[in-house]
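Report on the structure given below.
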Amino acid sequence: MTAVRARALPDPRARTTGSTHTRYRTARLNTPVLTSMNGKGVLPESHPLSIGSELRLAGALELVAAADAVLVVGSKLGVAERAGMELVANGPVVRIDILDSQRDKNLQAAHALIGDSAVILATLAEELHTRTLQAAPQATDEMRNLLAREAAEHDPVSDAVAARIISALPTDVILGGDSSQIVYNGIGSRFRVEEPASLIYMGTYCTLGYALPAAIGAKIAEPSRTVGAVVGDGALMFSIQELQTAKEQGLDIFVICVDNGGYGEIKQNETDRDIAPVGVQLSQPDWPLVAEAFGGSGFAVTDPVELEDTIREAVARKGVTLVHVPLDLFQS
């Protein structure tokens with residue numbers, strides 16, 4: 001699913017076919033594109049018009065509000081996706097969705113096109129070829145930099161650790177993500193993807209325990225790709241038994257457990273409301289031994305300088321691997 005600022009439409013006359021999807025090379029209009037977390041890679045994030053999956057940031061919502069027009073393709077623009085902030089569009093909104101019930105979901109449409117988005121976009125793109133366009137290039141580099149700064153300021157530790165995690169992973173990796181701060185405050189911004197379904201995420205329902213089983217499913221579906229999960233310690237405990245499933249299936253899969261000591265966001269919510277933390281500070285098992293108990297290999301990061309090399313070693317190891325990353329090592 002993707003939300004697109006202004007009228008960024010793919011050009012069906014200029015496309016290449018990748019291993020898993022058809023990739024549009026160019027856009028007919030010079031206008032920036034925002035995606036939801038689940039929409040990452042619909043437009044390759046290396047594309048000069050991509051400004052990432054940053055609807056959770058105030059700066060991204062300001063770009064939507066300031067747009068001359070907004071085209072929303074197959075997205076309900078959920079509350080969790082935009083971190084509970086209000087979504088406003090001051091220009092006309094055009095929505096494309098397969099369901100008529102979605103036409104005004106969370107953002108009222110001036111116009112709605114109900115049907116298959118691929119067919120509708122191709123039809124619109126063909127129509128644009130008959131018209132003279134006056135669109136000027138947008139300052140997408142400036143927008144990307146603005147959003148990157150905002151992401152880093154919002155959660156500096158998660159942002160920095162996520163950047164280091166991504167730097168240690170293969171460029172074609174598929175990641176399962178969870179409702180963990182390391183994912184929605186870090187990986188979502190720092191993981192720049194070229195293919196759809198490279199970050200498998202469940203932002204709509206904020207489900208704890210999703211990342212590991214999602215990664216298992218992805219590895220079964222794409223056995224030639226490197227696949228793993230990035231997940232918080234509290235979330236991982238919701239589905240830790242799935243390590244046995246991965247072992248039973250003979251999968252080469254890695255798990256990076258970023259340990260902030262419990263349910264970090266809920267703890268912050270309690271603190272913000274002058275509530276003494278209750279039920280959010282969790283005792284921790286010996287995570288490498290947990291992985292070994294399930295027949296895998298466990299790794300512990302005990303010094304910040306070890307992070308990248310430890311991740312590379314775990315990813316290269318056959319079978320099920322788990323890397324324990326205590327977040328307090330990275331807090332100054």
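Start at 1 with the first residue, then count along the sequence. None of the values given here were measured: they were computed from a predicted structure.
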Step by step, work out the side chain to side chain contact (heavy atoms under 4.5 Å, CB included) result for F330 and L307.
CA-CA 10 Å; F330 303 87; L307 179 63; 4.0 Å; yes
Start with the C-alpha gap between T245 and E242, add the side-chain angles, then the distance that decides, and say whether side-chain hydrogen bond (donor to acceptor under 3.5 Å, both in side chains) holds.
CA-CA 5 Å; T245 302; E242 299 304 333; 2.7 Å; yes
Can V79 be reached from Y184 by stepping across I, L, V, M, F, W or Y side chains whose heavy atoms are under 4.5 Å apart?
no
First locate atom CD of E292, then atom OG1 of T321, and finally report the distance between them rounded to the nearest 0.5 Å.
11.5 Å
Measure from the side-chain N and O atoms of D178 to the backbone N and O of A211, and report whether any donor-acceptor pair falls under 3.5 Å.
yes
One should read off an interatomic distance between L121 CG and E126 CD, to the nearest 0.5 angstrom, of 12.0 Å
Could you check whether any side-chain N or O of E150 sits under 3.5 Å from a backbone N or O of G59, counting only pairs where one atom can act as donor and the other as acceptor?
yes
Do E194 side-chain atoms and S46 backbone N/O form a donor-acceptor pair below 3.5 Å?
yes
In terms of heavy-atom contacts, does CD of Q241 have more than 12 from other residues, nucleotides or ligands at under 6.0 Å?
yes
How far apart are the C-alpha atoms of V64 and V88, what are their side-chain angles, what is the distance that settles it, and do they pass the side chain to side chain contact (heavy atoms under 4.5 Å, CB included) test?
CA-CA 7 Å; V64 174; V88 175; over 6 Å; no
E306 versus T302, side-chain donor and acceptor atoms under 3.5 Å
yes
Under 4.5 Å between side-chain heavy atoms, hopping through other hydrophobics if needed: is there a path connecting V70 to M85?
yes
Under a single-linkage rule joining Ile, Leu, Val, Met, Phe, Trp and Tyr whose side-chain heavy atoms are separated by less than 4.5 Å, which residues share a cluster with I275?
none
Let me confirm one number: the CG-CZ distance from N145 to R149, rounded to the nearest 0.5 Å.
6.0 Å
M37 CE to S53 OG distance, which is reported to the nearest 0.5 Å:
5.5 Å
Side-chain heavy atoms of I165 within contact of V258, under 4.5 Å:
yes
Expected output: side-chain N106 to main-chain L77 donor-acceptor under 3.5 Å
yes
N38 and Y201: which non-hydrogen atoms are nearest, and at how many Å?
OD1-O, 2.8 Å
Taken in chain and number order and not counting sequence neighbours, the residues that satisfy salt bridge (Lys or Arg N to Asp or Glu O under 4.0 Å) with D259 are none
Please answer whether the main-chain N or O of E127 pairs with a side-chain N or O of T130 as donor and acceptor at a distance below 3.5 Å.
yes
Do the non-hydrogen side-chain atoms of L124 and L113 ever get within less than 4.5 Å of each other?
yes
Apply side chain to side chain contact (heavy atoms under 4.5 Å, CB included) to residues L327 and V161 and explain how you reach the verdict.
CA-CA 8 Å; L327 203 61; V161 172; 3.9 Å; yes
Heavy-atom distance under 4.5 Å between the side chains of R192 and S50, does that happen here?
yes
Are the side chains of F191 and V193 in touch, meaning some heavy atoms are under 4.5 Å apart?
yes
Closest heavy-atom pair, A215 versus G228, reported as atoms and distance to 0.1 Å, is CB-O, 3.5 Å
Does the side chain of Q284 pick up a donor-acceptor pair with the side chain of D233 at under 3.5 Å?
yes
Would you call K219-D252 a salt bridge at under 4.0 Å N-O?
no
Check: R164 side chain, A160 main-chain N or O, donor-acceptor pair, under 3.5 Å
no
For the student: nearest non-hydrogen atoms of D97 and G74, plus distance:
OD2-CA, 3.6 Å
Is the closest side-chain heavy-atom distance between P170 and V315 below 4.5 Å?
yes
Does either side chain, that of S189 or that of R56, offer a donor lying less than 3.5 Å from an acceptor on the other one?
yes
As an exercise, state the distance from CZ of R103 to CZ of R95, rounded to the nearest 0.5 Å.
10.5 Å
Quick one: does L61's side chain get under 4.5 Å of L55's, heavy atoms only?
yes
Would Q181 and D155 count as a side-chain hydrogen bond (donor to acceptor under 3.5 Å, both in side chains) here? Give the steps.
CA-CA 9 Å; Q181 287 178 313; D155 187 342; 4.9 Å; no
Are T35 and K40 linked by a side-chain donor-acceptor pair shorter than 3.5 Å?
no
Nearest 0.5 angstrom please: E222 CD to I174 CD1, how far?
5.0 Å
Between the side chain of S180 and the main-chain N/O of V183, is any donor-acceptor distance below 3.5 Å?
no
Inspect the contact between E313 and R317 and indicate whether a charged nitrogen and a carboxylate oxygen are less than 4.0 angstrom apart.
yes
Ignoring hydrogens and angles, tell me if any N or O in the side chain of S117 forms a donor-acceptor pair with the backbone of V73 under 3.5 Å.
no
Under the side chain to side chain contact (heavy atoms under 4.5 Å, CB included) rule, what do L175 and I166 come out as? Steps first, then yes or no, please.
CA-CA 10 Å; L175 291 179; I166 294 304; 4.0 Å; yes
Heavy-atom side-chain proximity of T226 to F254 below 4.5 angstrom
yes
Where P32 and M143 come nearest, the two heavy atoms and their spacing:
CG-SD, 3.7 Å
Under the 3.5 angstrom rule, does the side chain of D159 hit a backbone N or O of G186 as a donor-acceptor pair?
no
Do L99 and V93 sit in the same hydrophobic cluster, where Ile, Leu, Val, Met, Phe, Trp and Tyr count as joined when their side-chain heavy atoms come under 4.5 Å apart?
no
Cluster companions of V280 among Ile, Leu, Val, Met, Phe, Trp, Tyr (side-chain spacing under 4.5 Å)
L208, F238, Y263, I266, L282
Cluster link F294 to I220, ILVMFWY, side chain under 4.5 Å
yes
When every non-hydrogen atom of S158 is compared with those of I182, the smallest separation belongs to O-CD1, 3.7 Å
A side-chain contact here means heavy atoms from C-beta on lying under 4.5 Å apart; do R225 and S198 qualify?
yes
Closest heavy-atom pair, I253 versus I216, reported as atoms and distance to 0.1 Å, is CD1-N, 3.7 Å
Is atom CD of E142 surrounded by more than 12 heavy atoms (other residues, nucleotides or ligands) closer than 6.0 Å?
no
Expected output: side-chain E54 to main-chain L147 donor-acceptor under 3.5 Å:
no
